[in-house]
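Note on naming: letters A, B, ... go to the chains in the order of the sequence lines (proteins, then strands), and numbering restarts at 1 for each one.
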Amino acid sequence: MLALPHTIRHALPMRLVTWNINSLRLRMPLLEKLTTALLPDVVCLQETKVTDALFPLESVRALGFEHLHYKGMKGYNGVAILSRLPLSPVVDTPTWYAQEDCRHVAATVHAPGGDITLHDFYVPAGGDEPDPETNPKFAHKLAFVDEATQWFAQQKSARTVLVGDLNIAPLEHDVWNHRQLLKIVSHTPPETQRLTQWQQTGFVDAMRRFVPPTDKLYTWWSYRNKDWRKSNRGRRLDHIWVTPDLVPELASMSVLEEARDWPSPSDHVPVVMDIQPQS
DNA sequence: ATGGTGGACACTCCA
């Protein structure tokens, strides 16, 4: 038998992925590709577009995710937490905007380094016209973020991670052209100010701990550009926020841009975060 | 200036 060095064994990092997959059933092969390549411990999906009754349970379990918490509806929206680590679903979450449209699930992940509470969000996209008076989708988006802000302001959050497609690119370099996108839904001041308020209820922008705000950082490229990489008109719509107590545990982050070139890709790419418990 | 692409579902919604 090998002699182990007389040191405290370090807990392995927890690898977390967030990804707007834009139809789970259509892109099961891509979820398998992601899982094989990266061996994530926890995957948070948005836009699963599948009812709970039709959720591809056995295929997801076969990838090693035995612990699941998901909420879906027919055709639209839908969120899912897939985990190799045990989960305790959080059940007392609000019904946002007085309608259950499957945009939020939460669970406690029983990770080796300690429990982590995880929130998975899909914020309404908000339509085209950035005017809440004329565009009910934009009004919904603003109200959703306001409600989330109020709810998290009342929570005492520790060891909490909030991820998802928040459909807002808050910083100047979260979009390919700041001045041009100030009038485009996802980067208008009413949205970016609200997202900042929400974040300030107790979270840190974990992705920007790894890439300074002066550098461009995108997670989404429209299907409508012929050559997404050449035009590179991206936006950072997907986010990972953590409570300050987890900042020392943030070990690495990557945006899996190559996934935008996978066969029949989502228009969003996965964001990967390794969380390394302190020894 | 406007339409460009893609998914779901059932002919039109949503992103």
Side-chain angles (χ1 to χ4, degrees), chain A residues 18-34 44-56 59-60 70-80 96-97 99-104 120-132 134-145 163-170 174-177 179-188 190-192 195 218-239 256-271:
Chain A
T18 180
W19 190 18
N20 179 323
I21 196 169
N22 188 16
S23 174
L24 173 57
R25 285 176 294 174
L26 186 69
R27 286 186 238 287
M28 265 313 295
L30 301 193
L31 180 64
E32 178 172 14
K33 191 176 171 82
L34 173 85
C44 293
L45 300 175
Q46 304 87 36
E47 284 206 89
T48 54
K49 296 185 176 178
V50 61
T51 59
D52 294 349
L54 294 176
F55 190 91
S59 310
V60 168
Y70 49 84
K71 195 185 286 181
M73 61 193 281
K74 188 174 180 176
Y76 310 111
N77 312 334
V79 281
W96 305 100
Y97 204 59
Q99 60 189 52
E100 183 48 88
D101 52 3
C102 306
R103 296 180 179 276
H104 175 221
D120 181 10
F121 273 96
Y122 174 54
V123 170
D128 287 332
E129 183 61 43
D131 179 356
T134 57
N135 174 6
K137 291 181 196 169
F138 195 70
H140 180 198
K141 182 177 197 175
L142 298 183
F144 188 101
V145 175
V163 307
D165 176 5
L166 305 185
N167 263 318
I168 298 171
D174 290 339
V175 294
W176 63 277
N177 185 322
R179 285 190 58 191
Q180 199 165 327
L181 269 75
L182 279 170
K183 291 177 180 170
I184 302 297
V185 170
S186 74
H187 195 60
T188 68
E191 295 168 88
T192 58
L195 197 73
Y218 312 140
T219 63
W220 172 89
W221 291 263
S222 171
Y223 285 124
R224 296 175 188 177
N225 286 115
K226 262 200 176 63
D227 185 336
W228 71 274
R229 202 184 279 280
K230 188 179 175 193
S231 59
N232 199 22
R233 296 185 167 190
R235 304 179 202 169
R236 184 170 70 117
L237 303 180
D238 303 275
H239 297 272
L256 199 68
E257 289 191 16
E258 66 186 72
R260 190 63 182 75
D261 278 330
W262 286 353
S264 189
S266 171
D267 46 355
H268 296 251
V269 298
V271 183

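Looking at residues two or more places apart in sequence or on another chain, you find a side-chain contact (heavy atoms from CB on, under 4.5 Å) between Pro132(A) and Phe138(A), Ala139(A), Leu142(A). With sequence neighbours excluded, no residue satisfies side-chain hydrogen bond (donor to acceptor under 3.5 Å, both in side chains) with Arg233(A). Checked against side-chain contact (heavy atoms from CB on, under 4.5 Å), Tyr76(A) has no partners two or more places apart in sequence or in another chain. In this view, Asn167(A) satisfies the side-chain hydrogen bond (donor to acceptor under 3.5 Å, both in side chains) rule with no residue, not counting sequence neighbours.
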N/O contacts under 3.5 Å, protein versus nucleotides 9-12 of chain B?
{"residue": "dC9(B)", "atom": "OP1", "partner": "Gly75(A)", "partner atom": "N", "Å": "3.4"}

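One can place CD of Glu47(A) at 9 Å from C1' of dG7(B), the figure rounded to the nearest angstrom. Asn20(A) has its CG atom 12 Å from the C1' atom of dG6(B), to the nearest Å. The distance from atom CZ of Arg235(A) to atom C1' of dA15(B) is 11 Å, rounded to the nearest whole Å. Distance, Glu129(A) CD to dT2(B) C1': 15 Å, rounded to whole Å. Between the CD1 atom of Ile184(A) and the P atom of dG3(B) there is a distance of 15 Å, given to the nearest Å. The interatomic distance linking Tyr223(A) (OH) with dG3(B) (C1') rounds to 18 Å, in whole Å. Taking atom CG of Asp128(A) as the reference point, atom P of dT2(B) lies 14 Å away to the nearest angstrom.
Under the 3.5 Å distance criterion, the side-chain polar atoms of Asn135(A) are matched with a main-chain donor or acceptor of Glu129(A).
Comparing the same atom, C1', in dC14(B) and in dC9(B) gives a spacing of 11 Å after rounding to whole Å. Nucleotides dA15(B) and dG4(B) have their C1' atoms positioned 14 Å apart, rounded to a whole Å. Rounded to a whole angstrom, the distance from the P atom of dA10(B) to that of dG6(B) is 22 Å. Taking atom P on both nucleotides, dT5(B) is separated from dA1(B) by 22 Å, rounded to a whole Å.
Here the nucleotide nearest the side chain of Asn167(A), chosen from dA15(B), dT5(B), dA8(B), is dA15(B).
Within the structure, no pair that satisfies the salt bridge (Lys or Arg N to Asp or Glu O under 4.0 Å) test touches residues 18-32 of chain A, not counting sequence neighbours.
Within 4.0 Å (heavy atoms only), Lys226(A) reaches no atom of the nucleic acid at all.
Looking at which nucleotide of DNA chain B each of Asn22(A) and Tyr122(A) is closest to, the 5′-most match is held by Asn22(A). Taking the nucleotide of DNA chain B with the nearest heavy atom to each of Lys137(A) and Pro265(A), the more 5' of the two is matched to Pro265(A).
With 3.5 Å as the limit, one finds a donor-acceptor pair spanning the side chains of Asp261(A) and Trp228(A).
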